[in-house]
Participant: 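One structure, as structure tokens, below. Some questions next.
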Number of protein chains: 2
Amino acid sequence: MIAPIRQSTLADTVEARLRQFIRKQRFRPGDALPKETELAAQLKVSRNVVREALSRLRMLGIVESRRRRGMVLAGADIPAVLRRMIHPQLVPDSQDLFELRLVLELGLVDLLFLRRQEFLIRDLERIVRREEAVPGDLRLNQQCEIAFHSAIYAATGNTLLVCFQELLQPFFRDARGRHFAPDRFATPKRPNHRHLIEALRQGDVEEYRRLMRQHLSPYFDDLPRVRSGVR
Amino acid sequence: MIAPIRQSTLADTVEARLRQFIRKQRFRPGDALPKETELAAQLKVSRNVVREALSRLRMLGIVESRRRRGMVLAGADIPAVLRRMIHPQLVPDSQDLFELRLVLELGLVDLLFLRRQEFLIRDLERIVRREEAVPGDLRLNQQCEIAFHSAIYAATGNTLLVCFQELLQPFFRDARGRHFAPDRFATPKRPNHRHLIEALRQGDVEEYRRLMRQHLSPYFDDLPRVRSGVR
DNA sequence: CGTGGTAATATGTACTACATAAGGGCATAA
DNA sequence: TTATGCCCTTATGTAGTACATATTACCACG
């Protein structure tokens with residue numbers, strides 16, 4: 001197998017050069033960049049090309065530009081960019097993202113116990129009560145499932161985690177729909193939300209993680225034992 | 001506090017419209033998009049604006065374009081985009097990313113134990129031996145530290161995790177440098193790499209996670225108990 | 001049937017022109 | 001002194017034209 005040769009456009013090159021320029025110059029957010037016309041002149045390309053490259057950096061949040069003022073560096077807006085890309089329809093290997101969700105759910109536990117506040121337990125219990133009020137309603141049940149986990153992510157105080165949770169939701173839901181076998185989700189041993197709350201209340205990190213792991217076991221059980229292209 | 005009004009450019013609008021268009025039409029990778037001139041005519045904007053929007057989508061990997069052939073949808077290239085954004089210099093709140101690294105390191109354990117293969121232990125031991133050969137060499141020590149954790153990420157078989165590990169490395173290193181207190185990293189109770197390997201060999205998931213948690217305790221100890229803007 | 005040349009076509013690049021917002025400066029007035 | 005309003009300058013935003021170039025499809029030819 002031999003890879004096809006793909007020649008890059010000037011916009012690609014200029015974009016890379018600009019990022020490199022920003023890095024090398026140790027620019028920080030707030031610093032001013034050269035004007036478009038200056039860049040075009042120095043790089044010896046048309047202003048059009050420069051604008052395409054800058055447009056990309058603007059989308060990343062790396063530069064902000066306003067009329068007359070010119071362009072200034074800004075902080076990269078990771079959530080905004082992720083929001084543009086992470087859709088089941090657009091992502092080539094959704095398996096990676098599905099697994100990421102599982103990893104996050106179990107990995108955030110220490111952060112959760114470090115940052116949890118009193119109202120968390122109250123919020124979670126309210127969700128569970130709403131869930132248990134109408135046991136048969138699948139739609140409501142799913143809403144509560146999402147609400148429960150969202151509350152937990154929010155309690156970590158990490159906005160990036162919250163963002164991921166929101167965006168990975170569809171991948172998770174797809175998987176749930178794909179291998180939906182009611183008996184597998186209703187095994188007697190599988191911990192429910194009440195058990196998780198109890199572990200939270202007790203402040204027992206290890207126990208909470210163990211319970212959450214079992215709570216997610218239907219998903220873990222379906223993971224392929226080997227991924228292509230290992231090592 | 002009142003937020004400043006910021007009017008969006010046509011390129012922003014067209015970009016959003018195109019993404020929306022792709023979603024609504026249930027396009028899949030490989031499908032063809034309308035020509036630039038057609039889009040410009042239908043949207044009643046100049047081809048320039050359309051090209052800026054398309055240039056952004058190209059960077060995300062969502063569309064590929066070749067001369068004469070037109071444009072086709074492609075899979076979003078998450079690693080490529082992350083590689084452009086995730087630098088300590090560019091990211092506004094590095095704390096989020098620093099915490100993400102901790103979350104991943106502890107969350108990937110189940111995936112690791114599901115996918116680990118024989119050669120992993122061998123590779124890790126080789127790294128540890130190299131590390132122990134020259135105990136005083138801080139530079140080599142750090143290299144081995146990175147190599148050890150990289151091998152673990154790779155063993156999960158998840159390319160996205162590997163990507164994150166690579167990109168989050170600088171944030172981790174900054175933190176290590178910031179509060180570097182040799183005694184805190186050399187506490188007698190802190191598990192080293194050999195302990196982790198042993199737990200891996202035993203196949204003891206819980207023990208491995210416990211050890212890794214303690215291995216990372218210097219970082220956890222410095223986490224702020226509360227993040228701004230909670231709830 | 002395979003090979004090679006040729007025309008058609010959509011993207012890539014350059015250039016010009018003008019619209020528009022935003023900052024600076026100045027004058028005037030409270 | 002401070003505030004208001006006007007004008008001028010300037011850099012980005014948008015439109016439009018022109019042409020280069022790669023790549024495909026087609027056709028002729030061996």
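All chains are named by letter (A, B, ...) in the order of the sequence lines, taking the proteins before the strands, and each is independently numbered beginning at 1.
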Participant: Given atom CD of A/Glu36 and atom C1' of C/dC18, what is their separation to the nearest angstrom?
Facilitator: 15 Å
Participant: Give the C-alpha distance, both sets of side-chain angles, the deciding distance and a yes or no for side-chain contact (heavy atoms from CB on, under 4.5 Å) between B/Val109 and A/Val103.
Facilitator: CA-CA 8 Å; B/Val109 174; A/Val103 169; over 6 Å; no
Participant: Of B/Arg66 and A/Arg66, whose closest DNA chain D nucleotide lies nearer the 5' terminus?
Facilitator: A/Arg66
Participant: Does B/Arg68 contact C/dA8 through a side-chain donor or acceptor facing the base, at a distance under 3.5 Å?
Facilitator: yes
Participant: Side-chain donor-acceptor pair under 3.5 Å between B/His149 and B/Glu105, yes or no?
Facilitator: yes
Participant: Under 4.0 Å between a side-chain N/O of A/Thr9 and OP1 or OP2 of C/dT11, yes or no?
Facilitator: no
Participant: I want to confirm an ordering. Mapping A/Lys35 and A/Gln7 to their closest nucleotides on DNA chain D, which one lands closer to the 5' end?
Facilitator: A/Lys35
Participant: Hey, can you pull the residues of residues 45-52 of chain A with a non-hydrogen atom under 4.0 angstrom from DNA chain C?
Facilitator: A/Val45, A/Ser46, A/Arg47, A/Asn48, A/Val49
Participant: May I ask you to say whether B/Arg115 pairs ionically with A/Glu99, meaning some side-chain N is under 4.0 Å from a carboxylate O?
Facilitator: yes
Participant: To the nearest angstrom, how far is A/Arg67 atom CZ from C/dG24 atom C1'?
Facilitator: 19 Å
Participant: What are the 5'-most and 3'-most nucleotides of DNA chain D lying under 4.0 Å from any heavy atom of chain A?
Facilitator: D/dT9 to D/dA22
Participant: Using atom CD of A/Glu64 as one end and atom P of C/dA21 as the other, report the distance to the nearest whole Å.
Facilitator: 18 Å
Participant: Please lay out, stage by stage, how B/Tyr153 and B/Phe164 fare under the test ring-ring contact (aromatic ring centres under 6.0 Å, His included).
Facilitator: CA-CA 9 Å; B/Tyr153 276 80; B/Phe164 270 120; 9.4 Å; no
Participant: Given 3.5 Å as the limit, does a donor-acceptor pair link the side chain of B/Asp93 with the main chain of B/Asp96, or not?
Facilitator: no
Participant: Donor-acceptor pair, distance only, cut-off 3.5 Å: does the side chain of A/Arg116 make one with the backbone of A/Phe113?
Facilitator: yes
Participant: On DNA chain C, nearest-nucleotide positions of A/Arg69 versus A/Ser8: which is more 5'?
Facilitator: A/Ser8
Participant: Can you say whether the rings of A/Phe148 and A/His193 are parallel (under 30°), tilted (30 to 60°) or perpendicular (over 60°)?
Facilitator: parallel
Participant: Just by modelled atom types, is the B/Gln169 backbone N or O under 3.5 Å from a matching donor or acceptor in the B/Arg101 side chain?
Facilitator: no
